[in-house]
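None of the values given here were measured: they were computed from a predicted structure. Chain letters run A, B, ... following the sequence lines, proteins first and then strands; every chain starts at 1.
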4 protein chains.
Amino acid sequence: MRGRGRGGDARTRILDAAEELFAADGYEATSTARVARRAGVPKGLVFHYFPQKIDLLVALVEERTHIEEPGAAPTAEDTARDPAGALARLARRLPLRASPAMRRILFREADTHRSVRDRLHALNRAVLHRARAALEIALPGARGDAARLEAAAATFTAVLLYQENLAHLTGHHVDPEAVAELIARSLGT
Amino acid sequence: MRGRGRGGDARTRILDAAEELFAADGYEATSTARVARRAGVPKGLVFHYFPQKIDLLVALVEERTHIEEPGAAPTAEDTARDPAGALARLARRLPLRASPAMRRILFREADTHRSVRDRLHALNRAVLHRARAALEIALPGARGDAARLEAAAATFTAVLLYQENLAHLTGHHVDPEAVAELIARSLGT
Amino acid sequence: MRGRGRGGDARTRILDAAEELFAADGYEATSTARVARRAGVPKGLVFHYFPQKIDLLVALVEERTHIEEPGAAPTAEDTARDPAGALARLARRLPLRASPAMRRILFREADTHRSVRDRLHALNRAVLHRARAALEIALPGARGDAARLEAAAATFTAVLLYQENLAHLTGHHVDPEAVAELIARSLGT
Amino acid sequence: MRGRGRGGDARTRILDAAEELFAADGYEATSTARVARRAGVPKGLVFHYFPQKIDLLVALVEERTHIEEPGAAPTAEDTARDPAGALARLARRLPLRASPAMRRILFREADTHRSVRDRLHALNRAVLHRARAALEIALPGARGDAARLEAAAATFTAVLLYQENLAHLTGHHVDPEAVAELIARSLGT
DNA sequence: AATGAATGAGAATTCATTCAT
DNA sequence: AATGAATGAATTCTCATTCAT
């Protein structure tokens, strides 16, 4: 708890501004001056909190993308009757707490700084892990074919995690729930 | 065919350099001076051929990403016996002629200039169209469920087109052939 | 004697830090923030004690370079038998009480602020005066040639006062005792 | 041979300006903007020729302080009759071709960059070497006492090389010719 | 077509200094 | 006395772009 009011506010407003602008225009194309203007703080204050421009990006990634601990795992009973539903539920409980803006930043700036790439990889691993677990529980019959299950989990993870970016980049949306059903049918029986 | 000689060479070398550098570091983070240096030409010459920096990007996209006309469409006989194989063949004959570097540029700089985004959308439409056609021919039984077929085509397109970027971003590769088989199983019978 | 406690400590630590840093990197290249950090005090406190950065330099020069009152002047008996020794003893009792760091600061920052230059000149005058006196007593025969005695005193003062800086700048050390002997031989008989 | 006129001029004018300003105010206290203004060129041009500020200093030292090859060494006949004169002549033919401004820069900025310090040391070695040679020829009798000759050479070098800086710093001038005579008397017979 | 000096707007960053608490 | 957030002017440096040759 900061208790200081304005001081904490300024830092937060700076990060808010950076998040918006990095998402809209990219890290390189966003000047620190614009961040300051948008945040309503003097230029110097940005460097008071973030001595280098890159620290803005690093702070955003560290503070605004949280990979949640998995809650209660789906039980066999939950999923047995409705494998597609189990995946769909996973889709809705994506363990990434990050605004759409932060997802775009993670995605676009993955090469800008190691910390971004690392976070993206960690996130991907987490989602992949949970998708695999969901599939294993939902479709015990599929266990026989590990490679197929792996492909299904990877596909679902890709669609789930990058759906917004894919939509943005391709102009075409892929619905994770439809993919969930597709996969369930493929692995079922 | 353009008259080459010195001039053509220089222009080509400039585009080569821009392609490498834009792919490695991004458009914004690449200065025209570095492009000139890498191309081994004087700084002024870059602006002789490409009056604005953005023209480098536009030229790359226009000249180095070609969406091929579909060759002979797969016949029903080809695919009936091997639906997954039909998709897999599509994977191998991806109608985008573009180096991996150009794919990364298309992908990363989609927001930098309208021409890039347009080309990416056009490409996505072309691949999606062909995947849909392949699925329709390969799996006539699936026609009943248009939505499912659409999801399958979209999923396959995404995996096919972005496989390298997904691998780069996630550290995890998704194999299009495995996805082809997954989809074939799902839509079959 | 000042009432010390916390405040005195902080002020002293600030001056200690400034002395180290000014000597090592120069006044201009040393930021007040670095002084504060090295001193282990908050930035604001530096300006509490020294409202302007230049006050740090002025305070160092005023408080940490003392020109000592000459103690008992050498008597004729002392020096008559050993003129070179008399100069050498002067060398050992250089009337400047200042750390090597402070000498470097005096020397390097002479142009930075009038107070530094003034102190340096005063110091030079004091040493020159004592060297002259020592020579006059030690070498009564030399009195006849005032110009020569003056040159000897000036040379000895230069070597004595700047020996460390000369060594630092030239990579070559000049030994004041050897110069003392040289001068004694020159003026003797 | 540059043959371009203005272009060469601009670079030269920039170095001229830097030399003046560095000598007067020191390297750190001189902004590149002031250098540009004084040189009458736009700010950007300074960085065209000298990508980093320190390159101005390095270029000055490399291009404007030349240590001359010794001309004809003084012969024994030249010096035998007039040892002090031989040293005095050395004083007048100091093998450093550098303006007084450059000498101040060499001296003051020795710690700012390695290249400056190196040049200063090289210069000192060259002068010391020649002073030693002159003394050996002029005062063959002194050969017996190597240590004394060494001290004499070092003293003369210091006075010769740093006379302007010593005068500037101390407010007192030491005349190299008087020191030459002093030394000659000391080593003679 | 080829060249590289010239230009100036704007970028990141530094820093002395102020001030409310 | 102590603190560190706040401020903005100044600094170094970058860069797309122009232009004379």
Report task. Considering only NZ, NE, NH1 and NH2 on the basic side and carboxylate oxygens on the acidic side, decide whether B/Glu109 and A/Arg108 come within less than 4.0 Å. Result -> yes
Query raised in the report: So, is D/His48 close to the E/dA6 phosphate, meaning a side-chain N or O under 4.0 Å from OP1 or OP2?
Result: no
Query raised in the report: Can you check the A/Asp25 CG to E/dA11 P distance for me, whole Å?
Result: 12 Å
Query raised in the report: How far apart are the C-alpha atoms of B/Arg119 and B/Glu62, what are their side-chain angles, what is the distance that settles it, and do they pass the side-chain contact (heavy atoms from CB on, under 4.5 Å) test?
Result: CA-CA 8 Å; B/Arg119 181 68 63 136; B/Glu62 277 176 6; 3.9 Å; yes
Query raised in the report: Where the side chain of C/Asp25 meets the backbone of C/Phe22, is there a donor-acceptor pair that is under 3.5 Å apart?
Result: no
N/O-N/O pairs, protein side and nucleotides 16-20 of chain E side, under 3.5 Å:
residue	atom	partner	partner atom	Å
E/dA16	OP1	C/Lys53	NZ	3.2
E/dA16	OP2	C/Thr32	N	2.7
E/dA16	OP2	C/Thr32	OG1	2.7
E/dT17	OP2	C/Lys53	N	2.8

Requested in this report: Quick one: the dot-bracket string of DNA chain E, using Watson-Crick and G-U wobble pairs with both distances under 3.5 Å, [ ] for crossing pairs and | for bases paired to another strand.
Outcome: .||||||||||||||||||||
Query raised in the report: Rounded to whole angstrom units, what separation is found between the CG atom of D/Leu57 and the P atom of F/dT12?
Result: 13 Å
Query raised in the report: Would D/Glu63 and D/Leu15 count as a side-chain contact (heavy atoms from CB on, under 4.5 Å) if you check the C-alpha gap in whole Å, the side-chain angles of each, and the deciding distance to 0.1 Å?
Result: CA-CA 10 Å; D/Glu63 299 175 21; D/Leu15 284 179; 3.5 Å; yes
**Report entry** Gap between atoms CZ and C1', on D/Arg11 and E/dG4 respectively (whole Å)
**Finding:** 15 Å
Report summary line: By nearest-heavy-atom nucleotide on DNA chain E, the more 5' of B/Pro42 and D/Pro42 is B/Pro42
Requested in this report: Report yes or no: does D/Lys43 contribute a side-chain atom to a donor-acceptor pair with the main-chain N or O of D/Val35 at less than 3.5 Å?
Outcome: no
Requested in this report: Mind running side-chain contact (heavy atoms from CB on, under 4.5 Å) on C/Arg38 and C/Asp16 for me, showing each step along the way?
Outcome: CA-CA 9 Å; C/Arg38 166 86 58 127; C/Asp16 289 347; over 6 Å; no
**Report entry** Separation of E/dA5 C1' from D/Ile14 CD1 (nearest whole Å)
**Finding:** 11 Å
Query raised in the report: What's the CG-C1' distance between D/Asp9 and E/dA6, to the nearest Å?
Result: 14 Å
Requested in this report: Quickly work out the A/Tyr49 OH to F/dT7 C1' distance and round it to whole Å.
Outcome: 12 Å
**Report entry** Cationic N near anionic O, under 4.0 Å, C/Arg103 to C/Glu164
**Finding:** yes
Query raised in the report: How far apart are the C-alpha atoms of C/Ile105 and C/Met102, what are their side-chain angles, what is the distance that settles it, and do they pass the side-chain contact (heavy atoms from CB on, under 4.5 Å) test?
Result: CA-CA 5 Å; C/Ile105 292 171; C/Met102 277 310 308; 4.0 Å; yes
Query - Nucleotide nearest C/Leu45 (side chain, heavy atoms from C-beta), chosen from F/dT7, E/dT7, F/dT3 - result: F/dT3
Query raised in the report: Thinking salt bridges, do A/Glu19 and A/Arg64 make one under a 4.0 Å N-O criterion?
Result: yes
